[in-house]
Amino acid sequence: MQNQDGQQNQQNYAVLGGKAYVFKRDDSKYWQAATYLNGRNFRYSTNEDQLQNAIQFAENWYISLRGKAELGVLPMPQTPEPQEEESKEKTFREVADQFMKEYRIITEGQRSPRWVEGQAIRLRVHLLPFFGDLPISAVSSGKVQEYRVMRMTPRQEKNPHAKDNRPFKPTPPARKTLHNEIVTLRLVLKSAMRHGLLKGLPDLSLPFRKQGKVSHRPWFSPAEYKQLYTATREYAQTALPHIKWSAEQVHDFVLFVANTGLRPDEAMNLQHRDLEIVDDEDTGETILVIEVRGKRGVGYCKSTANAVKPYKRLLNRPKPSLLNEEGEDTKADSDKKQELPQPEDLVFPSNHIKLFNNLLLRKKLKFDRDNQARTAYSLRHTYICMRLMEGADVYQLSKNCRTSVEMIEKHYAAHIKNLLDAGLINVRKPKKSNQAKAKTEETNEDEDL
């Protein structure tokens, strides 16, 4: 039907207070939704012939458009823009900026701020200078290979995009460093896929890769562990008064972690109210039951009996009056009665990293047979290896250490000699006696007759 001017009649109804509207011409079956957003007109068919259903569809459609506009991924309208601007492709830099905006918000409370900042640093220092101006579709497997070659080639000068004060070293990055950069690159490309800028991910796997060697984590063998705790005990007994508290803490830290298997960060998060001294019914020994908070969330750990005595010393050791950055007692007041740790106090208020490392260097325990540096984490590795040497069940050990059976078998069990049973390996077939041989020969002769 047409009006007097020869134009078709159209019914319009406002939606969300006029932010959008639905309309239908006389010759149309379905209602259409329309709005004006970010300087452009948008129109979409509701596929509804009932007005109320069309209005509800238009409300949801408008809210969806507003959300995409906030994220910067609002789809281009079908008409008014020139063809050149519609076909313009986003660069890697633009996609990376959008990725970081989303990553910071979505991972809040799930990833540490330091990890999130590490993604931004890898983009700013390494990835953006190489990929930044490329169209996102030009980031191919070959280009990633060129990036690997560039990074593995020793630099002649310091990276101008780095803002740290570290001295320049013309050495290629470590394998783990380059792996983390490829992980960040993959996250950016996945973000581009989610926004419809890429149809698929390029192959980011390392070419010419051979099967990795069986490697183990740096740990202290039983003899080296004895040498270590003997050295920390002697140092605690002979330390000067202003560092005696720190020396005693280091000694108890070594014994505590090596008999609980806690990660260093888990040990540093412990408060005295997280530990309980109990009599274990299964072993008949007095052990610690620990409520652990770390990278795996909240879990539980049962220690060996050897962890109880160091913890009792930690529990009954008065707090120092004043500590410096290294945890040294700088102001001991002998006249004032010092306070004992409270339930809400940290078990290890300071980490004493320098003191621990210096002691390892003095005793020539800093590096293992494969020249891997030992750290506080090596005490956890020592706990796992010693439990395996004593015949502990791998599944129960993985639960107690809050890790997987695969990790234990891959990094620990492969190099524990006690897991090899020589009785089952060096098997020989029993030799036949002379009488048995003669009897066999007689039997053969009878058969011939």
Side-chain angles (χ1 to χ4, degrees), residues 109 112-114 228-229 232-233 235-280 285-359 375-380 382-383 400-402:
S112 67
R114 184 177 179 182
L228 174 63
Y229 71 71
T232 56
R233 181 177 58 209
Y235 185 69
Q237 293 171 350
T238 59
L240 297 175
H242 69 285
I243 58 172
K244 187 173 182 61
W245 183 88
S246 298
E248 292 173 346
Q249 287 284 113
V250 169
H251 176 59
D252 291 334
F253 175 82
V254 169
L255 295 175
F256 182 85
V257 176
N259 286 281
T260 59
L262 296 182
R263 299 179 177 89
D265 62 304
E266 294 172 343
M268 294 303 165
N269 287 336
L270 278 184
Q271 298 179 0
H272 287 282
R273 56 185 170 184
D274 297 330
L275 293 93
E276 182 182 4
I277 302 176
V278 300
D279 294 325
D280 186 52
E285 297 177 330
T286 302
I287 64 171
L288 299 175
V289 176
I290 308 171
E291 186 176 340
V292 184
R293 287 171 170 81
K295 75 173 188 177
R296 296 292 183 184
V298 179
Y300 290 90
C301 168
K302 290 187 177 182
S303 74
T304 66
N306 293 331
V308 177
K309 191 173 180 180
Y311 175 66
K312 286 183 177 179
R313 290 198 297 264
L314 290 165
L315 189 60
N316 297 316
R317 181 173 295 129
K319 295 190 293 184
S321 54
L322 185 63
L323 294 178
N324 62 11
E325 294 180 356
E326 297 301 324
E328 298 174 348
D329 190 359
T330 59
K331 188 180 179 182
D333 190 350
S334 58
D335 298 332
K336 184 179 179 180
K337 186 178 180 180
Q338 291 179 308
E339 182 183 1
L340 292 176
Q342 300 301 310
E344 64 275 8
D345 288 337
L346 294 174
V347 177
F348 299 102
S350 302
N351 54 29
H352 315 288
I353 292 177
K354 288 185 178 180
L355 194 154
F356 180 72
N357 283 332
N358 289 337
L359 192 145
T375 63
Y377 227 109
S378 301
L379 297 171
R380 170 181 167 87
T382 301
Y383 167 82
N400 198 53
C401 293
R402 298 155 308 285

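These numbers come from a predicted model, not from an experiment.
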**OP:** Kindly compute the distance separating NZ (Lys309) from OG1 (Thr286), expressed to the nearest 0.5 Å.
**Re:** 13.5 Å
Subject >> Between Ser303 and Asn259, a side-chain donor and acceptor under 3.5 Å >> reply: no
Original post:
What closest approach, in Å, do Leu270 and Glu291 show between heavy atoms, and which atom pair accounts for it?
Top reply: CD2-O, 3.8 Å
Original post:
Which distance, rounded to the nearest 0.5 Å, do you find between the CD1 of Ile277 and the CG of Leu315?
Top reply: 6.5 Å
Original post:
With the threshold set at 4.0 Å, does a side-chain nitrogen-carboxylate oxygen contact exist between Glu248 and Arg313?
Top reply: no
**OP:** Please round to the nearest 0.5 Å and tell me the distance separating atom CG of Leu355 and atom CD of Gln249.
**Re:** 11.0 Å
Subject >> Heavy-atom closest contact (His251 atom, Ala236 atom, distance) >> reply: CB-CB, 4.5 Å
**OP:** Output, in order, the C-alpha distance, side-chain angles, deciding distance and verdict of side chain to side chain contact (heavy atoms under 4.5 Å, CB included) for Asp252 and Arg317.
**Re:** CA-CA 11 Å; Asp252 291 334; Arg317 181 173 295 129; 2.6 Å; yes
**OP:** Output the distance between atom CZ (Arg263) and atom CG (Leu379), rounded to the nearest 0.5 Å.
**Re:** 14.0 Å
Subject >> Steps toward side chain to side chain contact (heavy atoms under 4.5 Å, CB included) verdict (Ile287, Thr304) >> reply: CA-CA 6 Å; Ile287 64 171; Thr304 66; over 6 Å; no
Subject >> Flag for Tyr383-Asn400: side-chain donor and acceptor within less than 3.5 Å >> reply: yes
Subject >> Lys302, NZ: over 12 other non-hydrogen atoms inside 6.0 angstrom >> reply: no
**OP:** Determine the sole option in Arg273, His272, Lys319 for which the side chain to side chain donor-acceptor pair (under 3.5 Å) test with Asp345 is passed.
**Re:** Lys319
Original post:
Nearest heavy-atom pair of Asn316 and Leu340: which atoms, and what distance?
Top reply: O-CD2, 3.4 Å
Subject >> Nearest heavy-atom neighbours spanning Ala307 and Phe256 >> reply: O-CD1, 4.4 Å
